[in-house]
Amino acid sequence: MTAGRSRVAVTIRVVAGVVGAAAGLLWAFCAFTVASSRFATDPAHDPHGYGLMFGSALALASGLVAALVVPFAFPARRRPRVTLIAMATYVICSALLVTAWFTAS
């Protein structure tokens, strides 16, 4: 591997890590918003359910970005396993978020 090629590979991995971390943090914030809206006992906490609706939609989008980008932050030999873990986590958490959204009263 030449010096220019390895520098490009490192740059791609760093950018993928930063974008994946940012998307993951946005996902965590949205998931917290959905959970706090869903399980709040005070009706004035989220009276119209906008936190539940928009939090779920943003969490689905940002979680997908995180699940697709994070594997590129790892070495090539680790990417299949990281992709499997990231996508499985995304599918399970998305199913829970959508369930929380549609079971809210």
Mind listing the closest non-hydrogen atom pair of A100 and V34 along with its distance?
-> CB-CG1, 4.3 Å
How far apart are the C-alpha atoms of C93 and W27, what are their side-chain angles, what is the distance that settles it, and do they pass the side-chain contact (heavy atoms from CB on, under 4.5 Å) test?
-> CA-CA 10 Å; C93 291; W27 175 86; 3.7 Å; yes
What distance separates L52 CG from S36 OG, expressed to the nearest 0.5 Å?
-> 9.5 Å
Name the one of T89, V82, T83 that satisfies side chain to side chain contact (heavy atoms under 4.5 Å, CB included) with I85?
-> T89
Are F72 and V19 in one and the same hydrophobic cluster, where Ile, Leu, Val, Met, Phe, Trp and Tyr link if side-chain heavy atoms are under 4.5 Å apart?
-> no
Decide whether I92 and V98 are clustered together by the hydrophobic rule: side chain heavy atoms of Ile, Leu, Val, Met, Phe, Trp, Tyr closer than 4.5 Å, transitively.
-> no
Are V65 and V91 co-members of a hydrophobic cluster defined by side-chain heavy atoms under 4.5 Å apart?
-> no
Report whether V10 and V15 are members of the same hydrophobic cluster (ILVMFWY, side-chain heavy atoms less than 4.5 Å apart, transitive linking).
-> no
For S62 against A23, the heavy-atom pair lying closest together | O-CB, 3.6 Å
Taking all non-hydrogen atoms of both residues, which atom of C30 and which atom of G55 are closest, and how far apart?
-> CB-O, 3.4 Å
Heavy atoms only: give me the nearest G20-V69 pair and the separation to one decimal.
-> N-CG1, 3.9 Å
Search all heavy atoms of R13 against all heavy atoms of A73 and return the closest pair with its distance.
-> NE-O, 3.3 Å
T33 OG1 to F54 CZ distance, which is reported to the nearest 0.5 Å = 12.5 Å
Of all the heavy-atom pairs spanning P71 and A66, show the shortest one and how long it is.
-> CD-O, 4.3 Å
Look only at the side chain of D46 and the backbone of S37, and say whether a donor-acceptor pair between them is shorter than 3.5 Å.
-> no
Distance (rounded to the nearest 0.5 Å) between T99 OG1 and R38 CZ | 10.0 Å
Are any side-chain N or O atoms of R79 and backbone N or O atoms of F74, one a donor and one an acceptor, separated by less than 3.5 Å?
-> yes
Single-linkage hydrophobic cluster L60~L58, side-chain heavy atoms < 4.5 angstrom | no
